[in-house]
Structure formats: structure tokens, C-alpha cells
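Input: a single structure, listed below in C-alpha cells.
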Amino acid sequence: MQILLYNELNPAAITGFAKWRSFMEADDLKSADVKKIGDNLYRARLNRSDRLLLAFYHYQGERYALVLEYLKSHDYQGSRFLNHGVVVDEDKIPPLEYLPEDSPSLAYINPQHGRFNLLDKIISFDETQQAVFNLRPPMVIIGSAGSGKTALTLEKLKACPGDVLYVTLSSYLVKNSRDLYYAHGYDNPQQHVDFLSFQEFLESIQIPVGKPINFREFADWFSRLPRPAIKDAHKLFEEFKGVLTGPSVETAYLSREEYLNLGIKQSIFLEDERAAVYDIFSRYLTFLQETNRYDSNLLSHRYLKRVEPRYDFVVVDEVQDLTNIQLFLILKALRDPTGFLLCGDSNQIVHPNFFSWSKLKSLFYTHGELQGDTDLIRILSTNYRNSPQVTALANRILLLKNARFGAIDRESNYLVHSNGHVQGDVVFLQDRDNIRRELDAKTRTSTRFAVVVMHAEQKAEAQQHFNTPLVFSIQEAKGLEYDNIILYNFLSSEAKRFHEISKGVSHADLQQGLSYARAKDKTDKSLETYKFYINALYVALTRAVRNLYWIEADAKQRLLDLLGLDNALDTLNLDNQGSSHADWQREAHKLELQGKQEQAERIRREILQQQVPDWEVYSGATLDALHHQAIQSNDKKARLALFEIALVYEDRQFLHDLLLAEFKPARHPDNGLKQLQQKYYLPYQAKNPVALRNQLNKFGVDFRNPFNQTPLMVAAWLGNSTLVQELTERDANTALIDNNGFTAFQIALQQASKDEKYARQHLGSIYQQLEPDSLSIQIDGRLLKLDKSSMEFFLLNLLIALFYRIIPNNLVKKGAFTTQAIIDAVEHFPNNVLAPQRKQRAYLSSILSKNEMSRVDRYNRKLFYRLRQGHYTFNPTLMLLVENNWVNIYDLLKIDKLAYRPENMTTWWDNRHQEYWDNELAQGRAYLYQELQRVRTLLLNDALAMLKILCEQELHKIRDN
């Protein structure tokens, strides 16, 4: 067998590796001392104390042993690949005598390279990819869909120390890339990585006022203009984004004179149209101002004065989706102007930005500080995703594009070689009733089939024939992948445009390969006019991993003939397809993360047939009304409901109010809690929770019970790790909050902080399932993402969870959170949740001190305000992103809800002391309010003073000019 070594392992540093390797290559498993310890995980003995962790695979008839990890001194606990807490008793495991027959296969192995890389799966780079991987930045990587661009850039990212940024336009791609990067517990203590969408990058400089404009809003505004001289909204929007505001980094937008004097190839519109275009652009600027919207290009230019060098290395993924000014702003955040890697594919441009690689190169030429040169670009031309049949058709589109319009630039002038490990088919079909009916009947319940149309307006027609919720316009389909794509009337809907695209192109032209030659007629705007349509076709069919079902009403179009699709079938023989209820739940969740809310809602409504629960959910206004009814109106039923809510949330203020109203059960809350769990929560504690699963299927995985808890919150509250796992596998939303403002993750922290049994038995098994990737906060008007690997992330979540329990006891002494309170809370947390060194007093004190809002430090997150020595509370200006809305920390956690219970009281009620404690707490609350208001006032005065200075500076500039 052959040995492949993880690329971050150094064989010279592994004692006895050469000898062990010789045993394995000779298939001598006995001498190599290999034993199975997990699912395709094996340990091999090097010597008395050191071990290797292996996995076995095969590829094209050859067997491979992949060396994943070097474990010194039996350190199974520290392994990336084994569950934390697992105990490996080597003496009880029999040695492996033969290679496993059922080892999984790999999609590709480069036999010339004895290394592999690892994200969420094994990656073996081909020769081109490996050559790129070995290069030093700066670099631009161009590659087709499925060429491994993202995997390669993420692996390059791992080698970069310091402060690192990964940024792209798509929020979903950001999340997906972060998940890939940290798969299998990857950790690099030499770097701090920010994974940001471009919108988040803007917000990390300064949270903008208003909302960003999108094409749908633009088109709606444009449709209301009185008889505009220009009719094409998409073409106009691209001119605004890619010509008037995008390319220049010197000015926010071109003046009328500059725009009218542009060269022929610098604009989408002819010279005699530009005056009318600029008139509409002037109205557009007014529209933005009047509707509190902003254009990201204009904002990017404004932010050039604000952005500071703060990253040592930057990866920009899908760079073709960005404009020059947006890219320039990102690169201005570099400390070293050579520390960047850009990757993309201009054939996939469906966003209006007028992008080309030549424009990108001109940006480097005209701005020497970016340190770009002509040897930056590397091309990946092998496709590992799509079937060879789909890739061949995609290549014919590239050939047609080249033959009709000439080369856009040298960098886009390549065809794609398929190395797809799946076989598929391209099926060309006549648009007939029987075809549509059969496709619909056999695919509408499958998550593996999606329908793609050109424009959003065409979705309604497609939905009349195809009952799947997975119907997308081309811009919605960008970034998606499905095993099977149904391309519906993509050409017929734009027959005139595609007729022009195929005009003058012959079959012989498509046999000659790509040639690098620009269009001879510079006044010919064909490429600019039709680029979107030909790119859209390319993007649409490359969404298909295996099979493409292409349906056209007009099956005799010239372009179809050129593509070799000249014989449309009028019958179809397709097996029934179908997906499970759980598959559809996961699909809805995935689409929601990608911003495809329309399709996600259709899945829940039409496939999952989710209903709205028929009970009252008490939160916000309904909870206030219940409180009034219980306390002021003497309603016994309302008092019982309020009592139950108080028990669920440990709400001391509600219990206090009920005691004053002489509601006797409030004197013994522990008894009430036991009855409550019997009454409402038995389905959550059953070994086979059939009743709960019926509710999940009926109402959805995130339905709310009367206490405004989701099933995941309840499972976390009860410490039911099996149920937590089932719910997270169903993609339960971990970001939702309850009436205390807590997520399921924070509920688990709260429970573990007060219950040793919960901490020891449950927290370790549910922590990682509930833990979000990051926590987005706003400080000084800027977005910061606290990654889950940071102590600031853990500490902020913990203190939120402790707020209602710890603060009241300390507030009567005019104190707040202390290091000792944190130590007490985490005392029994398992080591896989919080490492022992992070539980030390000195370390915890240093984190609190480091993040004081007044401290000057590059890495200060300004989370805390120090009331007095050793006592901290939250920065009063701290904002959190909660369910997609910015919320101040003291709007999320309400000081007025704080109520006091002395630790030595056996019940919540003591006539002799309650009035005293109420007064003490009232004084403590008043003190805290006073301090927070004082800090806010100081900060406001500082901001006003700074604003005054800036205004005076601007006035001086105006006078000087």
C-alpha cells in the first residue's frame, strides 16, 4: 500500500516513522501494530508511548494509508479526530491483521505527491494546484466552477500567521468556508482569522446608516419613473455599479463631463445614450438619500478615509462579484500591500459590476502601492465537481462566446478539463405537457432536482408546471449546486437576444478551440449587451453536478444547434425520485442561510406543511398583558400561568410580585418546578419522543411553546444531549432567543453554572452542538465578530447567562461580575468546554482587564466597564446582533428585571427581610443606572467634541479651496 502524509506533519520530527512506513508499504500490519479505534480511524504504535492516527482509503484499485496525526505520549485526549473525553484502552483492542475491505474511495489522488490536505474531506492537489499552493503571495487564482479555488485558498490561508481576513460577497459562502476551515477541530494559534461577507467588512469599518440598495428595489424604483429614455433596468443598474461608481477609486462617481467623455469600450451605452443615463443617475442619487438607502460603491469610497491597515493577509473569494472600489477598500486594510490572494471566474459574472480581469490589472498598474505585477495570475482549468457531460456542454458555451465576441482578456481564455468522478447526462427535451407532467410527478418531492429560469418574473410560469419549491432565477441560483438541474425555457424566454448571440457563428468555429483576439469593431456593444445572458447560461448549467434536463418551447434555435442539441426528445423515461422529511428540513435551513427565503418558506408551507401552534405564546406585549391580568386583576388562571413562566425563567421579579399578591405557591418554587416539568416537559425526556417528533413535523423544528421556548431551548435546559443532537441534525436554529434574551447555548451555560451534575454529565456532550461559530457585536459603531475560539466569546456568553442570577446578589453591595463569580460558575465545566488554564484566576482577571472599555489596546474588544476594583459590568454602549437586529446589551438584559434573594433564605418570601432587601436592591439598581448614564454622557460628549473638530477641519479645507 501507499502512504500519504498530512501536509502539516513533519516526518523528520516523528520518531521511528521511517521504520514504521516500511512495514506499512510491505502490508505488514502486524509489525506496524495497527488497531481500529473508531469509524475509519486506526492507531499505529511507533514506540512505547507515541502513536500515529490513520485512515484507510482506496483510489483506482490502489490502497492508501493516510497519516492524519502524530500523538505523543498516548495523547488521545488532544486528538483533533477523536471525541474529547474518549478513553482508548489499547490492551482490549485486537490488532488488525488484514486491510479493511470496506475502506472508502477518494475522488482523486495525485500519485506524484505523497501529501494530502484536509478541510472537511481529504484533498489531494493536482500538479497545477500544488504549484499554486507552493507560490508566495500576492496572487490571483482564476478557475472554473468546481476547480477547487476555495479549497486551495483556504489551505493557503492556514499558512499565514498574524491577522488574516477571508472576505467574499456571499454570506453563505463565508459561513461555508469558515466551517471548512475549522473542520475536524483545526486550530492555528499563530493566527487570528476574520471570516466576513463584504457587507460585514463594511460594517467592521463603520456600521452604515440605512440599508443597502439591491437590484429588486432599484428595478421597482426605475419602473415608476415617468417614461425614461432608457428601458433596460438591468443594463442601467450595471452601468451605475460598474461604470459610474465602480471602476474609479479617485472619486465616488464620475461627473457628467467625465462620463460623457469615456472611451467607446469603457461604457455599456453608446455615446448618444449617455446623457439620458446620467439624468437617471442623478435621480438615483436623490432616491438613495430620500429613502435612507446606500450604494455600496459610494459607501466604499467614503470609507477609504476610515479604513486602517489591520490585516497581514487577505483572501478575496469570488472576486468577480466585486467592483474595483470595493476591492481597493479591502486591500487598503492590509499592513503589507503584497499580502493578498484573489480568486474568481469571470465566466460566472451575473452580478452587475462590469468586471474584467484587465480592469483588475489596471487597478494594480495605476496604484503601485498594491504591489501587483503581471505575473500574479494562475489558472486552474480542471473541474472536479461537474460530470464530464455537463462540463463538455459548458466548454461549448465558452467556445461560442469566444467565437462571437472575441476574448474578453487573456485570463478568461481557457477551456475546462473534466476530472469529475460522477457520470451524468444532458437530456434535451421538447416543452410538452407529457414531458412537464412526468418531470414534475417524479421530481417534485426530491431535494436533488431544481428548476432554473433566466429572470425572476419567469418563476411564476415555471411554478405552474413544476410543483417543487426549488425554482430559482439565475441570480438566485448563483452559488447553488444540485445533482440535477431542469433548465426551463432559458433561451425561448430571450429568443431575440440568444439569436443575436449566435449570429455569425458556425459549427466550424466551435471546432477550432479558443483564440485570443479582441473584437475588431470597437463600437460594437454586443459583448456588453449580451454578456449577462451568455454568462447566465454558463452558470445555470454548471449548477448541475450530474444531469441537466434542458426544456425549450422553441427547440430549433440556432444556439441550440451550435451546442449540439438539435434533437429534442418528446418522451422521457425517469425513475421516481423522492426525499425524506428530514432531507427537506435540511434543505429549507440551507436555503435560509443562503438568503433564499422564498424557497425556504415554500418548502415549509408546501412540502413540510407546517402549521402555526394554536396556543398562546407569552412574550413581549402578551406577557405584559398576562402580568397585568395576574397582579392587577386578581385572575387566578393568569396568576398560575405567570407563576409557571417565573419558574421556567427563574424570574425573581415575577415571583416577588406574586408573593406580594399573596399567591401561596410562590413561597415554594422548587415544588412548583417539579410539577411544571411533569405537566409540560415529559415528551422532552422520553427515550423515544414520538409525541415531540409529531409536533416537530407538524409545527417545524423551531416552534415556540407557551413559554416562548423552542424545542432546542428546552432540550438544552433539561440537558438532554440525545435530543439536542437530533434537533441540531434537523438544523434547529441555535440563534433564536427566549424571554430572558438567551440562546439555547446560553441556557446550557446558565444551567451548568449552577448545577454540578448538569456541568459534569451534560455540558460536555451538548456544548459544541449548541455553540455558534461567532458572536457579532458592535463597539464604537463598528462590527466585531468574536470567534468561538476566543476567550472573549466564551466570557461574554457566560456573563450574559449569569446576569439575572449573579448581578442581584452583588448589586446590593454596589458591585457586579467578579473573577470569583466566574471561577465559581465554571468550576465543574469539563476540560473540553473550558481548558484548565482558562479557569485560572490570573487568566480570567487578565481577560476582564484587557477588555475594559477605556483601555488602549489593539485587541481590546471593549466589552466591560469597571464599576470599581474587581467588579465589572457590560459596556453600556455594547450592541449585539440578535436575530438579525442590533440590540443594546441593556435592552436585551433588563436591569429592571433584577430581583434579590439572599442565599441563606429557604424560600423566596420572608416578611422580616423582604422590604430591606427590596430597598437595598433598588439603591443598587439606581447606582448602576447612574454609572451607566454617566459613561454614556461622557462618550457622547467625546463624540460631539470629535465631530466639532472634524467639522472645523472640513470648513478650513473649504476656505482654502
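Judged as a side-chain hydrogen bond (donor to acceptor under 3.5 Å, both in side chains), and not counting sequence neighbours, the contacts of Thr150 are Asp317. For Asp425, there are no salt bridge (charged side-chain N to carboxylate O under 4.0 Å, His left out) partners at least two apart in sequence or on another chain. Among residues two or more places apart in sequence or in another chain, the salt bridge (charged side-chain N to carboxylate O under 4.0 Å, His left out) test is passed with Arg605 by none. In this structure Arg546 satisfies the side-chain contact (heavy atoms from CB on, under 4.5 Å) test together with Val422, Asp483, sequence neighbours excluded. Evaluation of the salt bridge (charged side-chain N to carboxylate O under 4.0 Å, His left out) rule for Glu601 yields no partner, not counting sequence neighbours. Every side-chain contact (heavy atoms from CB on, under 4.5 Å) that Ala252 has, sequence neighbours left out, goes to Leu298, His301. Scored by the side-chain hydrogen bond (donor to acceptor under 3.5 Å, both in side chains) test, Asn567 finds no partners at all (sequence neighbours excluded). Applying the salt bridge (charged side-chain N to carboxylate O under 4.0 Å, His left out) test to Glu587 and every residue at least two apart in sequence or in another chain returns Lys590. Considering only residues two or more places apart in sequence or on other chains, Arg558 meets the side-chain hydrogen bond (donor to acceptor under 3.5 Å, both in side chains) condition with none of them. Applying the side-chain contact (heavy atoms from CB on, under 4.5 Å) test to Asp570 and every residue at least two apart in sequence or in another chain returns Arg432. Taking the ring pair (Phe, Tyr, Trp, His ring centres under 6.0 Å) definition, one finds that Phe281 meets it with Phe240, Tyr253, Tyr278, sequence neighbours left out. Under the rule for a side-chain contact (heavy atoms from CB on, under 4.5 Å), the partners of Leu569 that lie at least two apart in sequence or sit in another chain are Val427, Leu429.
Inter-residue side-chain proximity for Leu342 and Leu327 is flagged as met; some heavy-atom pair is nearer than 4.5 Å. At a threshold of 4.5 Å between non-hydrogen side-chain atoms, the residues Pro212 and Gln199 count as touching. Contact annotation: the side chain of Glu606 never approaches that of Trp584 to less than 4.5 Å [non-hydrogen atoms, C-beta and beyond]. Residues Asn176 and Leu593 form no side-chain contact, since every pair of their non-hydrogen atoms from C-beta on lies 4.5 Å or further apart. Contact annotation: the side chain of Val316 never approaches that of Phe340 to less than 4.5 Å [non-hydrogen atoms, C-beta and beyond]. Contact check for Leu541 versus Phe490: no side-chain heavy atoms found under the 4.5 Å cut-off.
When the shell of 6.0 Å around NZ of Lys496 is examined, it contains 12 or fewer heavy atoms from other residues, nucleotides or ligands.
Taking each heavy atom of Gly143 and Asp345 in turn, the nearest pair found is O-CB, 3.0 Å.
The existence of a salt bridge linking Arg216 and Asp220 is excluded, since no basic side-chain nitrogen approaches an acidic carboxylate oxygen closer than 4.0 Å.
To the nearest 0.5 Å, the span separating CG on Leu487 from CG on Leu548 amounts to 5.5 Å.
Paired with Ile603 under the rule side-chain contact (heavy atoms from CB on, under 4.5 Å), one option of Leu591, Thr468, Thr447 passes, and it is Leu591. Of the options Glu457, Glu552, Glu461, Gln458, a side-chain hydrogen bond (donor to acceptor under 3.5 Å, both in side chains) to Ser493 is made by Gln458 and by none of the others.
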